[in-house]
J.: 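Attaching a single structure in structure tokens format; questions to follow.
Chain identifiers are assigned alphabetically (A, B, ...) following the order of the sequence lines, protein sequences preceding nucleic acid strands; residue numbering begins at 1 within each chain.
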Number of protein chains: 2
Amino acid sequence: MTPTLSQMICFALYSANHAMQRVYAPLLSELGLTYPQYLVLLSLWQEDGQTVGALGRALQLESNTLTPLLKRMEAQGLVTRTRDSADERQVRVTLTAAGLALQAQAEPLSACIFDRCALPPEQLAALRDAVTALRDQLRPDV
Amino acid sequence: MTPTLSQMICFALYSANHAMQRVYAPLLSELGLTYPQYLVLLSLWQEDGQTVGALGRALQLESNTLTPLLKRMEAQGLVTRTRDSADERQVRVTLTAAGLALQAQAEPLSACIFDRCALPPEQLAALRDAVTALRDQLRPDV
DNA sequence: TGCGATCCAATCGTGTGCGATTTAATCAAG
DNA sequence: CTTGATTAAATCGCACACGATTGGATCGCA
């Protein structure tokens, strides 16, 4: 028997992800950011100067997605993209002053989202860990 | 303090959703379907002849996403799109024989995905319900 | 009955995601 | 050295998502 839409874990993840993006979008828009651009910045604030490949591993995206996205961020003056002199195949992505400065402006966001979730911290952390574990289970080998 | 990427529930949902789509994609590709098209079919197999608006409420998508998607499915011969004669503003989406027939072919999919999740049914259902509850919490009013 | 407000779908432009391929740089084995 | 294999990014084409707007159809109320 074919299950209903709402019974499926895939649709739960699909629709929850979109709902989350819809909460973030208007807030990020004030900073001139899209949702994936914000995720890239989160990763760079954590560790600046990552290569495209390293960002891809962190965000679980390929260069065919990241390259145009990073070019738009470079055009906005948030990052610079420079070939690694030791290995010219790699491109390092480095925050500009403007990209660094956004961290302060984005800082209140996570608390705002946390409130919106309306869950005790432990429950939210448990949910996050369960979702992450499922994700890692679904990923090929690694 | 800015949290790390992996600490954020938003990234857990984002990456888990993508991981799920990456599991489905090659299987659906054999049926000539994309992931959102499969979700539309799930909804139509549950209730045929829904309007674009009703499908949008079920899938939580707007007409600007659904209309082109449904046109592609119509071009593939999976559904028909007809204006409701009682209210010409509405468009009813109805399964063709081919669209109905796909249900049998897609039937093994959900079990296949379930195995991939490698979780006991109760745990998977609990996770699904928690994700769904969070999604509904994030949705505006309703 | 008329006419403005509302509702539904469609259209348009932009930004992802991703399969498939290409280009350039590095590595490895002889 | 050199040449074939591997690796890293970029490119291309297509299918979503979605904000903003448009065009018809229906509704509500004087």
J.: Do you know which two heavy atoms are closest between B/Leu44 and B/Leu55, and how far apart they sit?
T.: CD2-CD2, 4.1 Å
J.: Are any of the side-chain heavy atoms of B/Tyr35 and B/Met20 separated by less than 4.5 Å?
T.: yes
J.: Could you walk me through whether B/Arg135 and A/Ser15 pass the side chain to side chain donor-acceptor pair (under 3.5 Å) check?
T.: CA-CA 7 Å; B/Arg135 175 200 72 191; A/Ser15 54; 2.9 Å; yes
J.: Can you pull out the residues from residues 27-51 of chain A that lie within a 4.0 Å heavy-atom distance of DNA chain D?
T.: A/Thr51
J.: Hey, where on DNA chain C does chain A first and last touch, going 5' to 3'? Cut-off is any atom under 4.0 Å from a heavy atom.
T.: C/dG15 to C/dT26
J.: Just so I know, are the side chains of A/Val52 and A/Gln90 near enough to count as touching, which here means a heavy-atom distance under 4.5 Å?
T.: no
J.: Identify the 5'-most and 3'-most nucleotides of DNA chain D with at least one atom closer than 4.0 Å to a non-hydrogen atom of chain A.
T.: D/dT7 to D/dC18
J.: Go through residues 85-93 of chain A and report each residue with a non-hydrogen atom lying under 4.0 Å from DNA chain D, sorted by number.
T.: A/Arg89, A/Gln90, A/Val91
J.: Looking only at heavy atoms, what is the nearest atom pair of B/Ala12 and A/Val131, with distance?
T.: O-CG1, 3.4 Å
J.: Taking atom CG of A/Leu95 and atom CG of A/Leu41, what is their separation to the nearest 0.5 Å?
T.: 6.5 Å
J.: Identify, residue by residue, the members of residues 4-13 of chain B with a heavy atom below 4.0 Å from DNA chain C, and return them in order of residue number, or none.
T.: none
J.: So does A/Arg81 pair up with A/Glu74, basic N to acidic O under 4.0 Å?
T.: yes
J.: Can you find a pair of side-chain heavy atoms, one from A/Thr2 and one from B/Ser110, that are under 4.5 Å apart?
T.: no
J.: Considering heavy-atom distances to DNA chain D, does A/Ala19 or A/Val52 have its closest nucleotide positioned more toward the 5' end?
T.: A/Val52
J.: Can you give me the closest heavy-atom contact between B/Leu31 and B/Gln105, atom names plus distance?
T.: CD2-OE1, 3.4 Å
J.: Below 4.5 Å, heavy atoms only, C-beta onward: do A/Leu109 and A/Leu28 meet side chain to side chain?
T.: yes
J.: Over all heavy atoms of both residues, which pair between B/Ala130 and A/Leu127 is shortest? Give the atoms and the distance, please.
T.: CB-CD1, 3.7 Å
J.: Hey, are the side chains of B/Val79 and B/Thr94 touching, using non-hydrogen atoms and a 4.5 Å cut-off?
T.: no
J.: Please report the closest heavy-atom contact between B/Gln37 and B/Leu33, naming both atoms and the distance.
T.: OE1-CA, 3.6 Å
J.: Are A/Gln7 and B/Arg128 packed together at the side-chain level, in the sense that at least one heavy-atom pair is separated by less than 4.5 angstrom?
T.: yes
J.: Of all of residues 56-71 of chain A, which get a heavy atom below 4.0 angstrom from DNA chain C, listed by number?
T.: A/Leu61, A/Asn64, A/Thr65, A/Leu69
J.: Measure the SG-CD distance between B/Cys117 and B/Gln123 for me, rounded to the nearest 0.5 Å.
T.: 11.5 Å
J.: If every non-hydrogen atom of B/Leu5 is compared with every non-hydrogen atom of A/Ser43, which pair is closest and at what distance?
T.: CD2-CB, 4.2 Å
J.: Could you tell me the separation between the NZ atom of A/Lys71 and the CD atom of A/Gln76, rounded to the nearest 0.5 Å?
T.: 15.0 Å
